[in-house]
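Structure, as structure tokens:
Remember, predicted model here, so these are calculated numbers, not experimental data.
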Number of protein chains: 2
Amino acid sequence: MRRSRQKDAILRVLCETDSHPTAEWIYEQVKKEIPTLSLGTVYRNLRLMTENGSVRELRFTGEQGRYDGNIQHHDHFRCEKCGRIFDLGELLDELIKEKVARKMGACITGHRLEITGTCRECRNSKY
Amino acid sequence: MRRSRQKDAILRVLCETDSHPTAEWIYEQVKKEIPTLSLGTVYRNLRLMTENGSVRELRFTGEQGRYDGNIQHHDHFRCEKCGRIFDLGELLDELIKEKVARKMGACITGHRLEITGTCRECRNSKY
DNA sequence: TTATTTGCAAATCATTTGCCCGAAG
DNA sequence: CTTCGGGCAAATGATTTGCAAATAA
């Protein structure tokens, strides 16, 4: 994969935020710096980076795809009111995975865990 | 929500399988019985039933949406080779959720957990 | 009767692709 | 040079929607 100004900028923007943005949002940000940028390029590069492991793709319930610059495994909390996604550490312990592996005769390579609820702010907001 | 022949058939087909089918697959099955059925009706009704809680929508992998007639909470194992989705019991224990709730000041309403790997059959297949 | 649901086709929306041109190595 | 990446616009594929006709209550 050849390097480019747009790839650099996309990855930088993604890594500088902790907001798990959509491709669209990244596009808007990078456009400020490279006005000729096209949305297709953002999708293309996010996909390439996901494939080579520089980026993680999150795909929650029915919504648009979101991206995470933090590739270390971690689980997520999604607030059902405001839609924000927060990082949690790795919650699922190895014992559970081993238990599943044994019971199913399967070989486990990963997991995705999303906890949902209402975040502190939304609980405290008036409406 | 008014009852209808197509709603009954859709729900029956979904509950009779354990294959976590797509809307398309359900459509093919029900079409055998109601040849005039349209795909739009399947989508429309699956959505209504998801909203009123008769059906569960699975949407983890970026793939097409899948539906589950078993509405009791349970987690899933997805084989990355054959793509099949197997049911697991409820794996995530309450303690973990409480810990998250306390740390985040959030109120937890649910979770989705998908474990991925290679199932027994695929491990044993030659290719 | 009359309110809902259906079937159909057109519309949406996120994402991907084809193509030709400009840039990277 | 020569190959790969970018911009653009058109294509795709899943899902949703608008509407007139059909059906459940």
Side-chain angles (χ1 to χ4, degrees), chain A residues 1-14 19-69 78 83 85 112 114, chain B residues 1-14 19-69 78 83 85 112 114:
Chain A
M1 184 164 69
R2 193 177 279 181
R3 221 175 142 182
S4 76
R5 205 150 87 79
Q6 8 302 73
K7 283 200 186 74
D8 287 353
I10 289 168
L11 188 57
R12 177 166 34 73
V13 164
L14 180 56
S19 70
H20 308 87
T22 61
E24 196 85 35
W25 186 89
I26 297 172
Y27 168 66
E28 295 303 339
Q29 304 310 305
V30 177
K31 209 177 165 65
K32 292 176 191 161
E33 181 183 334
I34 309 176
T36 56
L37 181 72
S38 90
L39 183 57
T41 299
V42 175
Y43 274 111
R44 187 164 32 218
N45 286 327
L46 285 172
R47 177 198 243 281
L48 290 169
M49 292 178 197
T50 302
E51 280 163 5
N52 87 31
S54 325
V55 154
R56 201 147 81 92
E57 193 184 13
L58 308 176
R59 196 91 65 135
F60 299 104
T61 327
E63 292 160 6
Q64 222 175 120
R66 293 172 166 276
Y67 296 85
D68 194 337
R78 179 167 54 87
I85 293 166
R112 292 176 168 246
E114 178 200 50
Chain B
M1 184 166 67
R2 192 176 278 182
R3 223 173 138 182
S4 76
R5 204 151 86 79
Q6 12 296 76
K7 283 199 186 77
D8 287 353
I10 289 168
L11 188 58
R12 177 166 35 69
V13 163
L14 179 56
S19 71
H20 307 88
T22 60
E24 196 85 36
W25 187 90
I26 296 171
Y27 168 67
E28 294 304 338
Q29 305 311 304
V30 177
K31 210 176 164 64
K32 292 176 191 162
E33 182 183 334
I34 308 176
T36 56
L37 180 71
S38 90
L39 184 54
T41 299
V42 175
Y43 273 110
R44 186 165 32 217
N45 286 327
L46 285 172
R47 176 197 243 281
L48 290 169
M49 291 178 196
T50 302
E51 280 163 5
N52 87 34
S54 325
V55 155
R56 200 146 80 95
E57 192 184 15
L58 307 177
R59 216 181 283 213
F60 247 114
T61 48
E63 289 159 11
Q64 222 175 119
R66 294 173 166 277
Y67 296 85
D68 194 337
R78 179 169 53 89
I85 294 169
R112 293 179 166 242
E114 180 199 49

Ignoring hydrogens and angles, write down the donor-acceptor pairs under 3.5 Å from the side chains of residues 34-42 of chain B, residues two or more places apart or on other chains.
{"from": "B/S38", "atom 1": "OG", "to": "B/T41", "atom 2": "OG1", "distance (Å)": "3.4"}
{"from": "B/T41", "atom 1": "OG1", "to": "B/R44", "atom 2": "NH2", "distance (Å)": "3.4"}

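A salt bridge is defined here as a Lys NZ or Arg NE, NH1 or NH2 lying under 4.0 Å from an Asp or Glu carboxylate O, and B/E57 with B/R112 fails to meet this definition.
Contact detail for A/E33 and A/A9: the closest heavy-atom pair is OE2-CB, 4.0 Å. Nearest approach of B/I85 to B/H20, heavy atoms of both residues: O-ND1, 3.1 Å.
Using a 4.5 Å cut-off on side-chain heavy atoms (C-beta onward), B/M1 and B/N52 make contact. Between B/Y27 and B/I10 the shortest side-chain heavy-atom distance does not fall below 4.5 Å.
Note: CE (A/M1) to P (D/dG5) measures 8 Å, nearest angstrom. B/Q64 has its CD atom 10 Å from the C1' atom of D/dT15, to the nearest Å.
Position along DNA chain D of the nearest nucleotide to B/E24 versus B/R5 favours B/E24 as the more 5'-ward residue.
With a cutoff of under 4.0 Å to any heavy atom of chain B, the contacted region of DNA chain C is bounded 5' to 3' by C/dA3 to C/dC8.
Shown for residues 26-49 of chain B: residues whose heavy atoms fall under 4.0 angstrom of DNA chain D, namely B/Y43, B/R44, B/R47.
A side-chain contact (heavy atoms from CB on, under 4.5 Å) with A/V55 holds for exactly one of A/L48, A/N45, A/T50, A/D68; it is A/T50.
For B/R2 and D/dA25, a side-chain-to-base donor-acceptor distance below 3.5 Å is absent, hydrogens and geometry of angles not being considered.
A distance of 9.5 Å separates CG of A/L58 from OH of A/Y67, quoted to the nearest 0.5 Å.
The side chain of A/S4 places no N or O atom within less than 4.0 Å of a non-bridging phosphate oxygen (OP1 or OP2) of D/dC4.
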